[in-house]
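Given the structure is predicted, the values throughout are model-derived calculations rather than measurements.
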Amino acid sequence: MTQPASPARPVTEKSPPADAPKSPWRSLATRVDVRTLSLLGVLAALVVIGGVTEPDAFLDTDNLQLVLTQASVIGVVTVGMTFVIISGGIDLSVGAIVALASVWATTVATQEYGFAGILFTAVVVGLGCGLVNGLLIAYGRMVPFIATLAMLASGRGLALEITDGKTQMVTVDSVLKLGERDSYVLGIPPLVMVFAAVTVVGWLLLNRTTFGRRSVAVGGNAEAARLAGIDVRRQRLYLYLLSGLCCGIAAFLLIVLAGSGQNTNGNLYELDAIAAAIIGGTLLSGGRGTITGSVLGVLIFITIQNIFALNNLETAVQQIAKGAIIVAAVLVQRRTATT
């Protein structure tokens, strides 16, 4: 016999229709990177620590402006370094390029051409060094570590030769005025605005252009990128040119900040830039990275240095802390990659 049909169960829940509008908060949460939120949390914690340990000095407007100004120079270098690492490369010569560009741009002959001459020379020297790195790596098939290490030694040596170990003072008033408080716009130093502009351009270049997608593809799998029609060698050349350009801009900012050019400029910038990029989530093996994360990494490092300086801690302690942070960041990356 046929069993009577059982009564339909009452429906207690209804699934939302496919075209139902999504919650704006849920959409925002899906777009926000968890790593970025973590970095913001770390930066906020450092601000709290600085405010607790040295409330009068750390939270002073002049000190906060100083932190942002110091972050601007290494921050511009880090933007270029991020692109290089994303592509699977490395650039150990950024500090030497900054030094060479700064001393070349502050020679007596260069300063005779005023503001434009100093800026032009700094940028051209940076681009020239980046071009040499790119040609050696892309077309000379040299390992990036070796090629940029050679540029590091050569750049430092040439900078020492130009200066003869002496400090070259800037005498161009239009350059020096950029570092004065009268040039601040709404309390923001011009160097910080340049850093912000470079950051925005770098973010757009990485996330909204074919150049950025090709850089990620080359870093993820160079052979697959080649088979897909990407000129891998030319792309790598462009990336080291970009890194050199950022070093040239950073050299000019450093000239404005210090009012001079020295062969010791940019010391350990390669360490700071690589560390900031790693902390920001850029994989050393290439194929992944963010400009936002790298910038937050720079701010974290500069804030740590500032807190240590205000609390009269030695430079050696700062270097040890940097090393520990780098190791921790790499371990987190490896753990993330294996899960």
Under a 4.5 Å cut-off applied to non-hydrogen side-chain atoms, are Leu205 and Phe83 in contact?
-> yes

Before accepting this row, confirm whether a basic side-chain N of the pair Glu223/Arg226 lies closer than 4.0 Å to the acidic partner's carboxylate O.
-> yes

Would you please classify the geometry between the Phe252 ring and the Phe115 ring as parallel, tilted or perpendicular, with 30° and 60° separating the classes?
-> perpendicular

Student check: side-chain heavy atoms of Thr121 and Tyr113 closer than 4.5 Å = no

Indicate, with yes or no, if Ile255 and Ile162 share a hydrophobic cluster defined by side-chain heavy-atom contacts under 4.5 Å among Ile, Leu, Val, Met, Phe, Trp and Tyr.
-> no

Step through the shown structure and confirm whether more than 12 heavy atoms of other residues, nucleotides or ligands are within 6.0 Å of CD on Glu180.
-> yes

Using atom types as modelled and distance alone, determine if a side-chain donor or acceptor of Gln65 lies under 3.5 Å from a backbone N or O of Gly187.
-> yes

Can Asn207 and Thr290 be said to form a side-chain contact (heavy atoms from CB on, under 4.5 Å), step by step?
-> CA-CA 9 Å; Asn207 297 281; Thr290 66; over 6 Å; no

Could you tell me the separation between the CG atom of Leu68 and the OG1 atom of Thr303, rounded to the nearest 0.5 Å?
-> 8.0 Å

Backbone N/O of Phe58 and side chain of Asn63: donor-acceptor pair under 3.5 Å | yes

Could you walk me through whether Thr171 and Gln111 pass the side chain to side chain donor-acceptor pair (under 3.5 Å) test, one step at a time?
-> CA-CA 7 Å; Thr171 59; Gln111 293 193 52; 3.1 Å; yes

Any chance you could measure Gln70, atom CD, to Leu254, atom CG, to the nearest 0.5 Å?
-> 11.0 Å

Are there more than 12 heavy atoms of other residues, nucleotides or ligands under 6.0 Å from atom OH of Tyr184?
-> yes

Test item: Thr209 side-chain N/O and Gly212 main-chain N/O as donor-acceptor pair under 3.5 Å | yes

Thr199, Val298, Val198 screened by side chain to side chain contact (heavy atoms under 4.5 Å, CB included) with Val76, the one that passes = Val198

Quick one: do Asn133 and Ser243 satisfy side chain to side chain donor-acceptor pair (under 3.5 Å)? Show the steps, please.
-> CA-CA 10 Å; Asn133 281 336; Ser243 179; over 6 Å; no

Distance-only, no hydrogens or angles: does the Asp164 side chain make a donor-acceptor pair with backbone N or O of Lys166 under 3.5 Å?
-> no

Can you establish whether the number of heavy atoms outside Phe308 located under 6.0 Å from its atom CZ is more than 12?
-> yes

What residues form a side-chain contact (heavy atoms from CB on, under 4.5 Å) with Ile300, not counting sequence neighbours?
-> Leu39, Val42, Leu43, Leu46, Ile304

Between Ser215 and Gln235, is a side chain to side chain donor-acceptor pair (under 3.5 Å) present by the stated rule, with each step listed?
-> CA-CA 7 Å; Ser215 301; Gln235 185 69 20; 3.0 Å; yes

